[in-house]
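The block underneath contains the structure these notes are about, expressed in structure tokens.
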Amino acid sequence: MGVPVYAFDVVIVGAGLAGCAAAIECKKAKLKTIVLSKLHPLRSHSGAAQGGINAALNEKSTKAHEFDTVKGSDYLGDQDAIALMCAKAPSVVRYLENMGAVFSRADDGRIAQRAFGGQSAARACFAKDRTGLTCLQTMYEQADRLGVEFLSEWYVGDLLYRDGAAFGVTAYDMRDTEFAIFNAKAVLFATGGYARAYAVNSNAMANTGDGLSIAARHGLPLEDMEFVQFHPTGIAQRGILLSEAARGEGGHLFNSENKRFMIDYAPGKMELASRDVVSRAIESEIRQGRGVGEKKNAVYLDLTHLGEDTINARLPELRDLCRSFLGRDLVSERVMIRPTAHYSMGGIPTDIHCRVRRDADRLVTGFYAAGECACVSVHGANRLGANSLLEAVVFGKTAGETIVKDIDAIELIQADETDARTFMNEVKTLLENNGRHSVAQLRKKLQDSMTKNVGIFRTEESLKEQINTINQIKKAFKKIRLSDNSKCFNTELQEAIEFSHMIDYTQFITQGALLRKESRGAHYREDYINRDDQSFLAHSFAYFNKSKKVKVEYVQVSIKDHKPQIRSY
Ligand SMILES: Cc1cc2nc3c(=O)[nH]c(=O)nc-3n(C[C@H](O)[C@H](O)[C@H](O)COP(=O)(O)OP(=O)(O)OC[C@H]3O[C@@H](n4cnc5c(N)ncnc54)[C@H](O)[C@@H]3O)c2cc1C
């Protein structure tokens, strides 16, 4: 049977906040739009966001938010994109509110805002500690009300791309592994993050970075992949996130000597220094033997002084998480935490209108990216908490608006069923392979080694070791065997495909980290402990060459009002 080819104006891959925001704009402009998602939209990781979404609602201008974001990014963020995002933030929060998102209120009835790390004012708007869920439910409802067409449980495995132009995707229906081509003038990737590449992480199972590898396999660049954020407060050894809202509401961190050790690392901001700083501080305490717990590999997060009323009103989800996963009650007990891989600053490079960049100078026709999979770059080397939901909505919406503007000038490149061949062959090989390795074993090896070698602290030696490990895993992957060869909801097959993506983009993370011989934001080299603006105030653009080796170039950062300064908290 042939592969059906469906024609649309716009195909959006991903139904999290970025995908939904874009879909609403496209639908309002009456473009024939389809949203494909491997999950039900409401299962997207956006729904797991807890702490908040930033906006300078009650400040004279958005300039301070802009500066905090630039400083947080360790001056690697593009200042044109940051200025745009911060300027749009207040209207975006009101847009969400007008659509029906119920934010927590202050006593005077205004939207309540709490402090977050690295910020000079309390800017995080929140719905208790279920902010992402509130925003995603609202956006999805409104998209649905407008009649946006969603196809859930469709797995997208390839981009249709030729000579600098994108013209659709190949996907299969997860119910029966039947393939289809979605041919379109415009393709938007809103496929989310990739922290699942690490053994201990805060991300949903689905955050496997598929979109990035799919783009890279066509020779397109990935930007700043070496910058992976470790969130300070994951539940120790499990990684499940306890939101930064815990520290925003006044939570303290203690070591085994019962000392609030942040005094030694960031006396000005203490627990509310930026995430890279706090995560390194925690790991340093553990390394120096001042960790807590049986293996001394955690520190305490203490919220007991906040009182039950505050915790119930502002952090109920965190209380639930600690009860369910630790059997402990935040109201009366400290909990053990340790940094967890959380967020990817890098991704598919775009201009500030969300058009994907083909290299330093050229754009791809008909290809757009937004949300965590994209690198526009508003976070540079380190993201500030509560700036990511903001990014997803601002740039998801922007992507939709840009597509509406561009669409008439784009000619549809006709796809035919031969365009599905690459992905179909990939699936066929995986199903028929008769090797001896299991995906689960290889994935564990990759995740453990990424945590060990490309984690919070990195050295030339650890990064070279990781490149060798990935090469071994790549070879072994050619000899895997799936125990399930059926076509009905074959999750083992899907995990194998997702793992192949992980193998690809971990090479970008590692190679980028090896070549960046400096420390900046979340990227910390023990052998190059200083920031080096002379050589590395630049974005890395990395490509697969023909023999699938990663090549890295450096591209200028957009610097406007804020000249690089020493960064301390
Ligand atoms: C636990 C947690 C708490 C967080 N808290 C906050 C917070 O308080 N504030 C904040 O600003 N940020 C927070 N973040 C970060 C923020 O939630 C995310 O960066 C943001 O929501 C990403 O949105 P997105 O639309 O880009 O992607 P997602 O919401 O992750 O959606 C990705 C979509 O892509 C689809 N997809 C992916 N691959 C494929 C494929 N191959 N085929 C088909 N579909 C595919 C998925 O089905 C999904 O619909 C948090 C993150 C985590 C993990």
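In each ligand, atom 1 is the first atom listed, and ligand 1 is the first ligand listed.
- Closest to atom 46 (C) of ligand 1, if we only count protein heavy atoms, is Ser37 OG, 3.9 Å.
- Counting the atoms of ligand 1 from 1 in the order shown, those under 4.0 Å from a heavy atom of Leu39 are 47 (O).
- Considering only non-hydrogen protein atoms, atom 40 (C) of ligand 1 sits nearest to Asp210 OD2, 3.6 Å.
- Between the side chains of Asn387 and Thr69, at least one donor N or O sits under 3.5 Å from an acceptor N or O.
- Atom 16 (C) of ligand 1 has as its closest protein heavy atom Ser388 OG, 3.4 Å.
- Both the backbone and the side chain of Thr191 come within contact range of ligand 1, each with a heavy atom under 4.0 Å.
- Heavy-atom contacts of Ser202 reach the following atoms of ligand 1: 1 (C), 53 (C) (cutoff under 4.0 Å).
- The distance from ligand 1 to the heavy atoms of Trp154 drops below 4.0 Å at these ligand atoms: 42 (N), 43 (C).
- Atom numbering of ligand 1 starts at 1 in the shown order; those under 4.0 Å from a heavy atom of Gly51 are 7 (C), 8 (O).
- Under a 4.0 Å heavy-atom criterion, Asn387 is in contact with ligand 1.
- Ligand 1 lies out of reach of Gly211, whose nearest heavy atom is not under 4.0 Å from it.
- Contacts between Leu241 and ligand 1, counted as non-hydrogen atom pairs separated by less than 4.0 Å, involve the side chain only.
- Looking at His501, His379, Glu372, it is Glu372 that brings a heavy atom closest to atom 18 (C) of ligand 1.
- Taking the six-membered ring wherever Trp is involved, the centroid distance between the rings of His379 and Phe227 does not fall below 6.0 Å.
- Contact annotation for Tyr343 and ligand 1: only side-chain heavy atoms (C-beta onward) come within less than 4.0 Å of the ligand.
- Within the set Ala245, Ser46, Gly157, the minimum heavy-atom distance to atom 22 (C) of ligand 1 is found for Ser46.
- Residue contacts with ligand 1 for Ala190 involve N, CA, C or O but no side-chain atom from C-beta outward (heavy atoms, distance under 4.0 Å).
- At the shortest separation from atom 30 (O) of ligand 1 among protein heavy atoms lies His45 CB, 3.5 Å.
- Comparing heavy-atom distances from atom 10 (C) of ligand 1 across Leu389, Ile240, Leu17 singles out Leu389 as nearest.
- Here the protein heavy atom with the shortest distance to atom 48 (C) of ligand 1 is Ser44 OG, 3.3 Å.
- Atoms of ligand 1 found under 4.0 Å from any heavy atom of Gly371 (numbered from 1 in listed order, with element): 26 (O).
- Between the side chains of Ser500 and Arg217, a donor-acceptor pair is found at a separation under 3.5 Å.
- The proximity of Arg383 to ligand 1, defined as any non-hydrogen pair under 4.0 Å, is limited to the side chain.
- Between His218 and Tyr161, the ring planes are tilted. Angles from 30° to 60° get that label.
- Close approach to Gly14 involves these atoms of ligand 1, each under 4.0 Å from a residue heavy atom: 33 (C), 34 (O), 35 (C), 49 (O).
- With a 4.0 Å cut-off on non-hydrogen atoms, His342 touches ligand 1 through its side chain and not its backbone.
- There is a side-chain donor-acceptor pair under 3.5 Å between Asn382 and Gln229.
- At a heavy-atom cutoff of 4.0 Å, ligand 1 is contacted by the backbone of Gln50 but not by its side chain.
- Between His40 and Tyr140, the ring centre distance stays below 6.0 Å.
- Of all protein heavy atoms, the one lying nearest to atom 44 (N) of ligand 1 is Lys38 N, 2.9 Å.
- Scanning the protein for heavy atoms near atom 42 (N) of ligand 1, the closest one is Val156 N, 3.0 Å.
- Of the inter-residue distances, the one linking His501 atom NE2 with Leu212 atom CG reads 10.0 Å to the nearest 0.5 angstrom.
- Shortest non-hydrogen contact noted between Ile403 and Ala186 is CG2-CB, 3.8 Å.
- The side chain to side chain donor-acceptor pair (under 3.5 Å) analysis of residues 191-200, with sequence neighbours excluded, yields the pairs Arg196-Asn201.
- Within the 4.0 Å heavy-atom cutoff, Pro41 does not count among the residues contacting ligand 1.
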Set out, in order, the CA-CA distance, both residues' side-chain angles and the distance that settles salt bridge (Lys or Arg N to Asp or Glu O under 4.0 Å) for Lys128 and Glu317, then state yes or no. CA-CA 8 Å; Lys128 296 192 173 175; Glu317 177 86 7; over 6 Å; no
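- Not counting sequence neighbours, the partners of Arg114 by the side chain to side chain donor-acceptor pair (under 3.5 Å) test are Glu249.
- Under a cutoff of 6.0 Å and an axis angle of 45°, Lys71 and Tyr569 form a cation-pi pair.
- Ring centroids of Phe423 and Phe179 are separated by less than 6.0 Å, placing the two rings close together.
- A donor-acceptor contact under 3.5 angstrom links the side chains of Thr208 and Lys38, judged on distance only.
- Relative to the ring axis of Phe8, Lys32 places its NZ or CZ within 45° and under 6.0 Å from the centre.
- Short contacts between ligand 1 and Ala386, defined as distances under 4.0 Å to a heavy atom of the residue, involve ligand atoms 9 (N), 10 (C), 11 (O).
- Of the protein's non-hydrogen atoms, the one nearest atom 6 (C) of ligand 1 is Ala49 CB, 3.4 Å.
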